[in-house]
**Student:** 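My questions will all concern the structure given below.
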Amino acid sequence: MVDMIIETLKESAIHIDTLLKTHKGGYLQSTNTSGDTQLEVDVKADKILEEALLELPCVKGICSEEQAELHYSAYQDAPYIVAYDPLDGSSLIDSNLSVGSIFGIYNQKLSAQALIASGYIIYGPALEIVIAQEQVLHYHYNGNIWQNLGALELKKKGYINAPGGTQKHWEAKHKTLIESLFAQGYRLRYSGGAVPDLHQILIKGGGLFSYPATSDAPQGKLRKLFEVFPFAFIYEKAGGEASTGTQRILDLEVGHIHESTPCFFGSLEEMKLVRNIYE
Ligand code: FDP
Ligand code: ZN
């Protein structure tokens with residue numbers, strides 16, 4: 001049944017990729033629940049995923065970053081709820097940088113412990129999808145079929161540092177962490193899109209992505225159900241870790257569906273450093 005959802009996401013990926021390569025629309029007057037101004041493509045990508053997923057008899061409901069509430073399907077006895085961010089990093093579209101879609105497949109309820117698979121689509125020079133179940137599998141679309149490129153695995157230590165948030169709002173200990181990585185020779189790789197930034201660390205085999213608590217955003221920026229839990233699941237299955245600095249992400253509770261949390265994703269050595277500094 002999960003395979004049906006994954007096949008549907010692969011088909012939707014092709015539609016959204018075509019939309020991104022052909023659309024001409026700009027910003028709309030509307031904002032989403034988190035207060036972000038919506039682009040026409042945010043709304044269209046959301047519709048593509050919603051319509052495709054709600055047709056599946058194994059999907060009980062969907063929950064989108066672009067919508068205020070969980071939306072139930074006609075299949076009330078179905079097991080899965082799919083939470084997704086239809087177009088993450090859409091503020092990068094005008095600069096023609098890579099963007100993505102992120103999804104988590106939850107069994108019966110929207111909690112971290114109920115996540116059974118997750119992944120993301122990356123709309124870059126190539127169209128790719130990464131899906132985590134037991135392994136983290138990486139697929140490339142060749143214009144005709146999806147080719148499996150193999151499993152992604154993190155090494156114990158990498159060389160990439162991707163620090164999110166505005167530096168002037170960082171806490172002192174966060175500055176210490178980031179400076180210590182640069183002092184060790186880590187390289188800055190940050191586009192401002194969670195999908196390409198976290199994907200690059202997985203592809204290059206290691207590093208650290210951080211979006212900490214800041215004075216202007218004490219709960220961080222990234223949302224638990226649509227962004228943080230899916231990537232935490234992926235990073236753990238790839239042999240890395242995901243934490244808030246002091247707590248494992250996949251042990252967190254969820255209050256409101258649009259709730260955010262500070263988050264760190266990385267390979268084991270970098271995550272040890274995060275723990276040492278934050279705890
Ligand atoms: P965006 O608002 O453009 O959708 O989802 C939030 C996000 O992008 C992430 O993709 C990205 O990691 C983060 O915001 C970047 O935020 P900063 O510019 O504050 O670092
Ligand atoms: Zn997002």
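In this chain, residues are counted from 1 in sequence order. No hydrogens, no waters, no symmetry mates; every other heavy atom, side chains included, goes into these values. Remember, it's 1-based here, ligands and their atoms both numbered in the order they're listed.
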**Student:** Are there any N/O pairs under 3.5 Å between ligand 1 and the protein, and if so, what are their distances?
**Tutor:**
{"residue": "ligand 1", "atom": "2 (O)", "partner": "K221", "partner atom": "NZ", "Å": "3.2"}
{"residue": "ligand 1", "atom": "3 (O)", "partner": "S91", "partner atom": "OG", "Å": "2.9"}
{"residue": "ligand 1", "atom": "4 (O)", "partner": "G89", "partner atom": "N", "Å": "2.9"}
{"residue": "ligand 1", "atom": "5 (O)", "partner": "D88", "partner atom": "OD1", "Å": "2.8"}
{"residue": "ligand 1", "atom": "5 (O)", "partner": "R223", "partner atom": "NH2", "Å": "3.3"}
{"residue": "ligand 1", "atom": "5 (O)", "partner": "E227", "partner atom": "OE2", "Å": "2.7"}
{"residue": "ligand 1", "atom": "10 (O)", "partner": "D88", "partner atom": "OD1", "Å": "3.2"}
{"residue": "ligand 1", "atom": "10 (O)", "partner": "D88", "partner atom": "OD2", "Å": "2.6"}
{"residue": "ligand 1", "atom": "10 (O)", "partner": "A194", "partner atom": "N", "Å": "2.8"}
{"residue": "ligand 1", "atom": "12 (O)", "partner": "A194", "partner atom": "N", "Å": "3.3"}
{"residue": "ligand 1", "atom": "14 (O)", "partner": "K221", "partner atom": "NZ", "Å": "2.9"}
{"residue": "ligand 1", "atom": "16 (O)", "partner": "K221", "partner atom": "NZ", "Å": "3.1"}
{"residue": "ligand 1", "atom": "19 (O)", "partner": "Y211", "partner atom": "OH", "Å": "2.6"}
{"residue": "ligand 1", "atom": "20 (O)", "partner": "G165", "partner atom": "N", "Å": "3.1"}
{"residue": "ligand 1", "atom": "20 (O)", "partner": "Y190", "partner atom": "OH", "Å": "2.4"}

**Student:** Give every protein N, O or S atom lying under 2.8 Å from the Zn ion (ligand 2), naming each by residue and atom.
**Tutor:**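 Correct list: D85 OD2, D88 OD1, E227 OE2.
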**Student:** Kindly indicate whether the side chain of I203, heavy atoms from C-beta on, has any atom under 4.5 Å from the side chain of H138.
**Tutor:**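 When only atoms from C-beta onward are counted, H138 and I203 do touch, with a gap below 4.5 Å.
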**Student:** Does V254 reach the side chain of F229, with side-chain heavy atoms less than 4.5 Å apart?
**Tutor:** yes
**Student:** Heavy-atom count check: over 12 atoms from other residues, nucleotides or ligands less than 6.0 Å from Q247 CD?
**Tutor:** yes
**Student:** Taking the basic N atoms (NZ, or NE/NH1/NH2) and the acidic carboxylate oxygens, is any pair closer than 4.0 Å for K157 and E270?
**Tutor:**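 Salt bridge absent between K157 and E270.
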**Student:** Salt-bridge test for E51 and K47: reply yes if a basic N is under 4.0 Å from a carboxylate O, no otherwise.
**Tutor:** no
**Student:** Among all residues two or more places apart in sequence or in another chain, which pass the side chain to side chain contact (heavy atoms under 4.5 Å, CB included) test with D88?
**Tutor:** D85, I102, A194, V195, E227
**Student:** When you compare the side chain of R223 with that of E65, does any pair of heavy atoms fall below 4.5 Å?
**Tutor:** yes
**Student:** Does some side-chain heavy atom of F265 sit less than 4.5 Å from a side-chain heavy atom of I201?
**Tutor:** no
**Student:** Quick one: which residue pairs count as a ring-ring contact (aromatic ring centres under 6.0 Å, His included) with a foot in residues 153-175, not counting sequence neighbours?
**Tutor:**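 Of all non-adjacent pairs touching residues 153-175, those that pass ring-ring contact (aromatic ring centres under 6.0 Å, His included) are W170-H174, H174-F264.
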